[in-house]
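This structure is a prediction, so every number in the text was calculated from the model and none was measured.
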Amino acid sequence: MPFPIILSSPSGGGKTTIAHKLLAMRSDVGYSVSCTTRPPREGEVEGKDYHFLSVEKFKRGQKADEFAESAEVHGHLYGTLRAEVERVLASGRHVIMDIDVQGASKTKEKIPDAVSIFILPPDRDKLEWRLRTRGLDSEEVIRRRLDTARREIENYSKYDYILVNNVLEQSADQLRDIVLAERLLRSGAKPSGEEGQRVAIAQACRLEQARGRVQPILASFNPHAVKVKGT
Ligand code: 5GP
């Protein structure tokens, strides 16, 4: 049975790239295109990256209960359409839902059979570098996103799996392995030899195993830790 996959990361964490790599690798995974009231960025395509809606239209959708979940993020409205999730599941594919960190636990409560995955940057410096080199945001926005990232990462224990994005290709493979491990777990099927190795990689990303890896990442976002390093 296909299942929903909640995917979150701080801005610049690599979630979109990793999700696209997985989609290119696996035909049994689809993507739920979210709705947003923020204006499109350069290169973004209506219906592919987002459905770009006016605030009025978005609110009408909320009233009509068209959204499986919706939230305000960075001053704009975002939401996952029920019809979009159902469309992908009905085609027999697992469905990736891009959900902000605040919205993820609420969504998990509403859709308990969803698996939730948090993608983390390796540390603060790498995240800052990624935000700067992608060249999408002003200095002020970068500062705000870094500050938000720290608060978001503090919520890591609400997720089923933690994926530290060191190398994009490896992260996409790990995401694929998590989907495989969940599929096997839910069907009760025994992993074959090669699948066993991939399930072990996925197990290492489970929250209980990954806690130790999150602590140094969180510490890199702590201004006191940075101060001590520099003295
Ligand atoms: P961006 O504007 O940078 O594409 O996304 C901003 C934030 O909105 C990200 O944290 C992203 O995960 C989140 N987001 C994107 N789509 C949705 C959605 O459908 N629902 C919720 N709750 N958050 C979303």
Identify the two heavy atoms, one from [X] and one from [Y], that lie closest to each other, and give their separation to 0.1 Å.
{"X": "Cys205", "Y": "Gln174", "answer": "SG-OE1, 4.1 Å"}
{"X": "Ile111", "Y": "Pro4", "answer": "CG2-CG, 3.8 Å"}
{"X": "Pro191", "Y": "Gly196", "answer": "CB-N, 3.8 Å"}
{"X": "Ser34", "Y": "Thr80", "answer": "OG-OG1, 4.4 Å"}
{"X": "Arg176", "Y": "Arg26", "answer": "CG-CD, 3.8 Å"}
{"X": "Arg132", "Y": "Glu139", "answer": "NH1-OE1, 2.8 Å"}

Validation row: [X], [Y] side chains within 4.5 angstrom (heavy atoms):
{"X": "Ser171", "Y": "Val164", "value": "no"}
{"X": "Arg93", "Y": "Val29", "value": "no"}
{"X": "Arg150", "Y": "Glu154", "value": "yes"}
{"X": "Val141", "Y": "Arg145", "value": "yes"}
{"X": "Trp129", "Y": "Asp125", "value": "no"}
{"X": "Asn155", "Y": "Gln102", "value": "yes"}
{"X": "Leu131", "Y": "Leu146", "value": "yes"}
{"X": "Ile153", "Y": "Phe221", "value": "yes"}

With distance as the sole test, does [X] use its side chain to make a donor-acceptor pair with the main-chain N or O of [Y] at under 3.5 Å?
{"X": "Lys108", "Y": "Ala114", "answer": "yes"}
{"X": "Arg186", "Y": "Asp113", "answer": "yes"}
{"X": "Thr37", "Y": "Leu53", "answer": "no"}
{"X": "Asp160", "Y": "Ser116", "answer": "yes"}
{"X": "Asn165", "Y": "Gly13", "answer": "yes"}
{"X": "Ser32", "Y": "Glu84", "answer": "no"}
{"X": "Glu195", "Y": "Ser192", "answer": "yes"}
{"X": "Glu44", "Y": "Arg41", "answer": "yes"}

Rounded to the nearest 0.5 Å, how far apart are [atom1] of [X] and [atom2] of [Y]?
{"X": "Leu77", "Y": "Glu72", "atom1": "CG", "atom2": "CD", "answer": "5.5 Å"}
{"X": "Asp173", "Y": "Leu180", "atom1": "CG", "atom2": "CG", "answer": "12.0 Å"}
{"X": "Lys63", "Y": "Phe58", "atom1": "NZ", "atom2": "CZ", "answer": "14.0 Å"}
{"X": "Glu66", "Y": "Gln62", "atom1": "CD", "atom2": "CD", "answer": "10.0 Å"}
{"X": "His76", "Y": "His74", "atom1": "NE2", "atom2": "NE2", "answer": "9.5 Å"}
{"X": "Ser8", "Y": "Asp100", "atom1": "OG", "atom2": "CG", "answer": "7.0 Å"}

Among the clusters formed by ILVMFWY side chains lying less than 4.5 Å apart, do [X] and [Y] turn up in the same one?
{"X": "Leu168", "Y": "Leu163", "result": "yes"}
{"X": "Phe3", "Y": "Val88", "result": "no"}
{"X": "Leu89", "Y": "Met97", "result": "yes"}
{"X": "Leu207", "Y": "Leu120", "result": "yes"}
{"X": "Val33", "Y": "Tyr78", "result": "no"}

[Y] and [X] side chains, donor-acceptor separation under 3.5 Å:
{"X": "Tyr161", "Y": "Glu182", "value": "yes"}
{"X": "Arg38", "Y": "Thr36", "value": "no"}
{"X": "Gln215", "Y": "Tyr156", "value": "yes"}
{"X": "Arg134", "Y": "Ser11", "value": "yes"}

Answer yes when Asp147 and Arg151 have at least one side-chain N-carboxylate O distance shorter than 4.0 Å, and no when they do not.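 Answer for the salt bridge query: yes.
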
Taking the basic N atoms (NZ, or NE/NH1/NH2) and the acidic carboxylate oxygens, is any pair closer than 4.0 Å for Lys158 and Glu152?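 So Lys158 does not pair with Glu152 through a salt bridge.
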
For Phe67, is the NZ or CZ atom of Arg82 found under 6.0 angstrom from the centre of its six-membered ring and inside 45 degrees of the ring axis?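 Geometry flag: not set, cation outside 6.0 Å or 45°.
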
Under the ring pair (Phe, Tyr, Trp, His ring centres under 6.0 Å) rule, collect the residues that match up with Phe52, sequence neighbours excluded.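 Counting only residues at least two positions away or on another chain, Phe52 forms a ring pair (Phe, Tyr, Trp, His ring centres under 6.0 Å) with Tyr50.
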
Tell me, please, which residues at least two apart from Tyr159 pass ring pair (Phe, Tyr, Trp, His ring centres under 6.0 Å).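 Applying ring pair (Phe, Tyr, Trp, His ring centres under 6.0 Å) to Tyr159 gives Phe118.
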
Run the numbers on Gln203 and Glu208 for side-chain contact (heavy atoms from CB on, under 4.5 Å), then give the verdict. CA-CA 9 Å; Gln203 294 295 349; Glu208 308 78 55; over 6 Å; no

Glu56 atom CD, over 12 foreign heavy atoms within 6.0 Å: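 At most 12 heavy atoms, drawn from other residues, nucleotides or ligands, come within 6.0 Å of this atom.
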
Solution key, residues 15-24 side-chain donor-acceptor pairs under 3.5 Å, sequence neighbours excluded:
residue: Lys15; atom: NZ; partner: Asp98; partner atom: OD1; Å: 2.9
residue: His20; atom: ND1; partner: Thr16; partner atom: O; Å: 3.0
residue: Lys21; atom: NZ; partner: Glu169; partner atom: OE2; Å: 2.9

